[in-house]
Amino acid sequence: MDHPGPPRFVAVGESVQLAPRDPDPDATYDWRVRSAPASSTIEFPEQKAVVEFVPDAAGTYQLELNAPDQTHRLTVRAFPGELAPAGRTAGASGASGYSGHQSGSARPQGETGGVSGSGSGTHSEGGGSGRPRIQLRGSIEGDELVVRADPQPHPDSDTDRDDIVVEFLLDDRDNVDADEIETEGWELRIPTAAVGDRVRIHAVAVADAYSVPDTIEFVREALPDGSGSGNALTVADEAHAADGGAVRETGFEVVRPNDPPKWATEVTLYEIYVRGFAGDGEGGSDESVFERIETRLDYLADLGVDCLWLTPVLENDHAPHGYNITDFFSIADDLGDREDYERFVEAAHERGMKVLFDLVLNHSARDHPFFRDAYKNPDSEYYDWYDWREDGEPETYFDWEYIANWNFENLAVRRHLLDAVDTWFEVADGFRCDMAWAVPDTFWRELRDRVKARDPEFLLLDETIPYIADFHDGMFDMHFDTTLYFTLRQVGRGDAPAESIVDAVEQRTAVGFPPHAAFMLYIENHDETRYLVECGDDAAMAAAGALVTLPGVPMLYGGQELGQRGRRDAIAWDDAREEFREHYARLVALREEVPTLGPDGSIERIEYGTDTDRAVAFAREGNGETYVCALNFGESPATVTLDELDVDATDLVSGESLATADGLEVDDVAVFRTA
């Protein structure tokens, strides 16, 4: 394979890591600049497979990778530095970032940090008043492939939409006659005769800054019945074959590769901390942990859960969280074996549940045999597998003492981790990617193409804190909504008004996430203090309502629905608080019953009044329907009045009328259908 992947959009001074894909660690690779802007003086070191490219002039660069199979070309478009998105720093794009937040492998205190490597675009310095956004649409019109861009200015920008510039780049990997391409404004056209089997078109919107890119893909396939597969749009046309003038049916699938799988936007996700979830089980002490967890699957199905995220299940250094891995190819002995894991996945599938594998790629445990061999031993064959400090200690984050960072400039490391990806892809429906901010984006892009080529419906969920808009550019389908998480904590403690929750949702647009990005909503996980411990029962009930009424995919951490107080303790099944379980069951069921509360609905601000800043109201609109949602994080009922919307006072959560002489009385969460 070797080709380094899709073209890249960056700004002058930003760093782009370049690397061959599916690499042979024993092969020789060599980068060179084929063409560059006239003022550029960039040169690459000789025979180095992984390099950092920092454009020194605005314009288009044509780079070449000499690989064992052939010479590959890569286009990089560099914008002037003033168009770099806010929060982006020179030398950071494409390299391991620094998030400033703990992962499963440790929990440092008092650590804070800035934006990760690719930048979130959350601040105003640089990039004018913020990033525009773009979404591409593709169609086949007669004998032409047509791509139309829908750019949108940043909500705080003075730029008129008509003044936004759209720049297109074709993928260097595809066979296209470039002389046949026509672009005019926001539209690109290619004659079907100028395309081989496939063409990918990438584009950005440019205003005060440049946007997260979007991509449209046209794939030519033999389509005897004129139909397509999957969720792609398919258009068939007739073409004359070369063999005697016979007519055959051919066509193009129009694919939006950056859209998340539809199933993933509709699920209720549940995190299982594997060494605490099932206790001692109900079937005897000889059961594996996977078998014990399986005994709870019917309970989860009844709750409405249809996707499971298991904390790491691989062999580790015996820290119970499992994030310090010592063998990337073996199931941890204390959990069972691979057959036990596969039987668990099959049992989940039988109940209509998907399973996410927790993928840990930034580091290994220091107990990993490769690290033990390499430590203080420069002659070790594994010494260059790790990043080292000048004092001979391994690079890591937050002074974590049990892990060591991989060296992603080493092709053997990439090969090792890609092989692990291939191994666990076979027995999962998606990856939850740990510390995604700390892995080079070149690797994530390769991983995405690798798994999506085999299963376009495979889910990639990133943990980046704070979230990073650029991670939706050919890397991940869904993102931890860290902004909403922190806001819900502030609101729950009484440190911020409830209306700031709507601000947090709108922040997704403000930082530049494209309209098709998906988000996972959560109020706690294995790294965090339980929400009800920090914020109290009343706020916890309202926060549960936020998970199912705000746009995104709700995630429950094991025991959250039972009023569990311990962060990583065994689930206290016998002491479950029934009022919490019933509350969550009603909310999850309501999200299933009302599609507008899910991916089909937008969120809209409305005019409302309350007698407390602990309450907020907003609308969800979609499918020709409008629902009003109200959340109250206070200890006492809140009275909510609506100035412009007429609603049925029957609360869809409780089934009771909440009408009073003064307005609608809301205890924690209520949903009303507009009249």
Side-chain angles (χ1 to χ4, degrees), residues 95-113 116-117 273-275 309-335 357-378 380-410 412-421 424 431-441 443-444 447 462-465 480 525-528 567-568:
S96 296
Y98 186 89
S99 153
H101 188 77
Q102 65 277 3
S103 182
S105 48
R107 188 177 173 80
Q109 299 296 320
E111 296 279 6
T112 60
S116 180
Y273 187 71
V274 293
R275 291 175 178 84
W309 154 26
L310 274 64
T311 53
V313 298
L314 297 181
E315 197 63 76
N316 59 81
D317 65 358
H318 305 301
H321 51 68
Y323 285 88
N324 308 343
I325 294 173
T326 58
D327 184 342
F328 284 76
F329 298 89
S330 298
I331 296 293
D333 290 340
D334 65 315
L335 301 181
F357 187 94
D358 206 329
L359 191 66
V360 184
L361 296 182
N362 165 254
H363 57 264
S364 79
R366 298 192 193 189
D367 276 350
H368 194 292
F370 294 176
F371 181 83
R372 291 202 306 267
D373 187 77
Y375 186 59
K376 304 290 188 182
N377 179 20
S380 167
E381 66 176 303
Y382 300 112
Y383 188 81
D384 289 338
W385 284 49
Y386 291 92
D387 278 335
W388 300 97
R389 301 189 323 217
E390 290 184 1
D391 62 1
E393 293 299 314
E395 289 285 0
T396 185
Y397 293 97
F398 319 115
D399 296 322
W400 286 337
E401 57 183 323
Y402 299 113
I403 62 173
N405 289 355
W406 292 119
N407 172 20
F408 278 87
E409 292 189 4
N410 187 320
V413 170
R414 289 175 176 257
R415 178 77 273 154
H416 185 75
L417 297 178
L418 288 171
D419 290 345
V421 167
W424 302 113
F431 291 140
R432 177 269 183 186
C433 299
D434 183 62
M435 293 176 65
W437 49 271
V439 174
D441 65 3
F443 194 86
W444 290 131
L447 184 154
D462 69 2
E463 179 207 29
T464 58
I465 304 174
F480 277 44
N525 59 34
H526 64 275
D527 278 334
E528 309 297 346
R567 179 164 57 97
R568 297 180 182 176

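These figures come from a predicted structure and were not determined experimentally.
Here CZ of F443 is found 5.0 Å from CG of L417. Values are rounded to the nearest 0.5 Å. Considering CZ of R414 and CG of L447, their distance stands at 11.5 Å, rounded to 0.5 Å. Taking CG of D317 as the reference point, atom OG of S364 lies at 9.5 Å (rounded to 0.5 Å). Annotation: the span from Y402 atom OH to H318 atom NE2 amounts to 13.5 Å, rounded to 0.5 Å. Interatomic distance, L361 CG to I325 CD1, rounded to the nearest 0.5 Å: 8.0 Å.
When all heavy atoms of R366 and P394 are compared, the pair lying nearest together is CZ-CG, 3.5 Å. Residues E463 and I465 come closest through the heavy atom pair OE2-CD1, 4.1 Å. Here the closest heavy-atom approach between residue P320 and residue Y273 is recorded as C-OH, 3.5 Å. Listed here is the closest heavy atom pair of V274 and P312: CG2-O, 4.0 Å.
Within the 4.5 Å cutoff, the side chain of F357 has heavy atoms near those of the L314 side chain. F329 is listed as a side-chain neighbour of D419, based on a closest heavy-atom distance under 4.5 Å. Using a 4.5 Å heavy-atom cutoff, the side chains of V413 and H416 are not in contact. The side-chain heavy atoms of F370 and Y386, taken from C-beta on, include a pair separated by under 4.5 Å. Proximity of W406 to F371: side-chain heavy atoms (C-beta onward) are nowhere separated by under 4.5 Å.
In this structure, W444 contributes its side chain and A436 its backbone to a donor-acceptor pair below 3.5 Å. A donor-acceptor distance shorter than 3.5 angstrom exists from the side chain of R568 to the backbone of H526, with no hydrogens or angles considered. With hydrogens and angles disregarded, no donor-acceptor distance shorter than 3.5 Å links the side chain of N324 to the backbone of I403. For N405 (side chain) and D387 (main-chain N/O), no donor-acceptor pair under 3.5 Å exists by modelled atom type.
Checked against Y323 for a side-chain hydrogen bond (donor to acceptor under 3.5 Å, both in side chains), the options T311, D358, D434 give a single hit: D358. Of the candidates E395, M435, H368, M435 is the only one forming a side-chain contact (heavy atoms from CB on, under 4.5 Å) with H363.
Residues passing the salt bridge (Lys or Arg N to Asp or Glu O under 4.0 Å) test with E315: none are found, sequence neighbours excluded. Every residue two or more places apart in sequence or in another chain that forms a side-chain contact (heavy atoms from CB on, under 4.5 Å) with S380 is listed here: D373, A374, N377, Y382, Y383. Every side chain to side chain donor-acceptor pair (under 3.5 Å) that R275 has, sequence neighbours left out, goes to D334.
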Stepwise salt bridge (charged side-chain N to carboxylate O under 4.0 Å, His left out) test for K376 and E393:
CA-CA 8 Å; K376 304 290 188 182; E393 293 299 314; 3.5 Å; yes
